[in-house]
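Notes follow once the structure below has been shown.
First the proteins, then the strands, lettered A, B, ... as listed; each starts at 1.
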Amino acid sequence: MRLAPHWRVRAQRLQLRGEVCQCCGERLFPPRDVCPACHQPADKPFAFCGEGTVYSFSTVYEAPKGYERFAPYTIALVRLKEGPLVTAQLTDIDPADVRIGLPVEMVTRVLREEGEDGMVIYGYKFRPLLEREVAGTEARE
Amino acid sequence: MRDVSIIGIGQIEVGEHWDVSLRDLGARALLAALADAGIDRPDALYVGNMLSGTLGSQEQLATLIADWSGLRGIEALKVEAACASGAAALRVGVMAVAGGIHEIVAVLGVEKMTDLDGEEATAALMTAADAEYEGIHGTSFISLNALLMRRYMEEMGVPQEAFAGFPINAHANAVNNPNAMFRQPITRDTYSRAPMIADPINLFDSAPICDGAAAVILCPTERAREFSSRPVRIAASAVATDSVALHDRRDPLFLSAVQASALKAYRQAGIGPEEIDLFELHDAFSIIAALSLEACGFAPRGEGTRLAADGEIGPRGRLPICTMGGLKARGHPVGATGIYQVVEATLQLRGLAGANQVPGARWAMTQNIGGVGGTAITHILEGQG
């Protein structure tokens with residue numbers, strides 16, 4: 001059982017915590033010690049709002065070990081509102097209804113199960129943005 | 001820096017070798033290459049391999065294969081760069097000879113993927129991606145490539161059928177390669193009826209899981225004629241890197257490491273893409289073939305599939321690619337692939353490629369890619385008449 005690798009990324013997994021580079025303003029997810037854009041040290045935490053759009057997607061029918069109960073599920077690259085792309089599963093949606101450009105929002109779900117005596121690992125997935133919020137977004141724009 | 005040449009090649013038929021172990025596969029290809037060069041004992045052995053630890057519970061692989069080849073005692077190291085491990089080992093070999101560290105160097109690529117079931121091999125391949133931020137979400141290596149292909153089709157307005165030309169060319173060429181895994185031609189109809197394995201990637205868009213080993217022997221060019229009547233000069237050897245994770249790239253549809261390694265290689269060889277007579281590219285997935293042609297300057301962005309559709313990639317076309325079957329039909333024993341590419345390019349430049357011979361070939365480019373473009377390694381070879 002590997003506890004530490006999951007424990008140490010809990011802020012990323014559960015809060016979508018990244019960083020903003022104080023030098024060039026690049027928003028980074030996941031966080032890292034050196035900004036890939038300007039190569040200066042990056043250390044200021046930044047919480048992403050959790051909304052974005054589907055950049056691309058693919059549905060997995062034969063799931064890897066630990067993911068069987070979610071199959072079929074759709075893997076997506078999500079373009080977060082603040083800029084970065086994130087790899088994650090989509091949830092609460094029929095794979096046939098997914099399209100590029102679909103507005104989505106982050107939710108916390110079970111990512112992986114490691115058997116009866118093993119760990120249950122939680123983290124971010126993305127679901128279609130609820131309609132009231134889409135309407136609100138359009139009104140603001 | 002010294003100029004480096006290839007003086008010997010060896011390869012094992014790619015396939016499911018249930019009766020041959022990893023060490024024996026490696027030793028057989030290595031001994032074949034040593035025999036081709038007329039060398040008994042090289043100064044060093046560099047072994048490209050990705051999965052011996054994961055799939056075979058075996059590390060110290062180069063030491064093991066040196067011993068099993070009767071070379072106990074020599075310098076022997078394993079080199080890993082995921083699916084680009086083979087070319088990475090060649091890069092190390094070239095540096096050793098060019099830098100004057102060694103005179104005669106053997107480079108082997110070897111992989112054994114069929115000892116475990118397909119599910120375990122698939123999981124092992126995912127170690128080429130970012131485990132904490134891609135793998136944890138239940139992503140497979142195929143689905144990462146599917147993300148790229150779907151976005152490409154949408155953004156460039158390219159239909160799935162447009163990719164058919166790549167596997168059709170690969171299979172047609174493999175028919176004439178006795179070391180290829182799939183020696184049957186396929187048609188447009190076969191392609192369009194193939195089952196999806198990770199939509200929009202179908203069975204023929206993806207290279208197979210298999211076993212294989214291939215080897216080359218290197219020496220300084222000034223000594224190459226002592227060992228071979230048809231040496232092949234390594235005119236360029238260039239590595240470049242990108243982020244491992246797709247999501248860390250500003251534009252995932254542009255393989256920047258592929259472009260950077262190709263540009264470095266063109267500069268080293270003193271030629272441009274228009275002078276390349278054949279290109280052994282990394283067609284692990286059809287989408288990667290298209291993106292590689294674009295990043296290397298053979299096609300404008302969004303038009304990589306057009307070369308395949310216009311029939312320009314066959315052995316007698318304007319830019320022959322995957323001339324012995326490529327990863328798709330020769331097979332893709334991951335850590336061995338980069339050396340198979342170089343062995344095949346050497347056959348072409350020696351004029352020994354049989355029915356698939358590219359007429360008058362002088363310059364051959366090989367390119368081995370690790371992960372989804374995280375590592376790109378380009379070599380340019382020049383025939384010596």
Using a cut-off of under 4.5 Å for heavy-atom pairs, which of [options] has the most such pairs with chain B?
options                        : result
Lys125(A), Arg112(A), Glu26(A) : Glu26(A)
Ile121(A), Leu28(A), Val86(A)  : Val86(A)
Ile100(A), Val78(A), Leu111(A) : Ile100(A)

Chain A neighbours within residues 115-140 of chain B, where any heavy atom lies under 4.5 Å away: Glu119(B), Glu132(B), Tyr133(B), Glu134(B), Gly135(B), Ile136(B), His137(B), Gly138(B), Thr139(B)

If the contact rule is any heavy atom under 4.5 Å from chain A, which residues of residues 154-163 of chain B qualify, in numerical order? Glu154(B), Glu155(B)

Give, as side chain, backbone, both or neither, the part of [X] having an atom under 4.5 angstrom from any heavy atom of chain B.
X        : value
Arg8(A)  : side chain
Ala71(A) : neither
Phe57(A) : both
Val60(A) : side chain
Arg32(A) : side chain

Results of ring pair (Phe, Tyr, Trp, His ring centres under 6.0 Å) for Tyr55(A) - residues two or more places apart only: none

Minimum heavy-atom distance Arg150(B)-Ser58(A), with the two atoms named: NH2-CA, 4.3 Å

How close do Asp248(B) and Pro30(A) get, counting heavy atoms only, and between which atoms? OD1-CD, 4.2 Å

If you define the side chain from C-beta out and look only at heavy atoms, does anything of Leu85(A) sit under 4.5 Å from Pro252(B)? yes

Taking the side chain as every heavy atom from C-beta outward, state whether Thr87(A) and His247(B) have any atom pair closer than 4.5 Å. yes

Quick one: side-chain contact (heavy atoms from CB on, under 4.5 Å) partners of Glu68(A), sequence neighbours excluded? Lys65(A)

Tell me, side chain or backbone of Arg249(B) under 4.5 Å from chain A's heavy atoms, or both, or neither? backbone

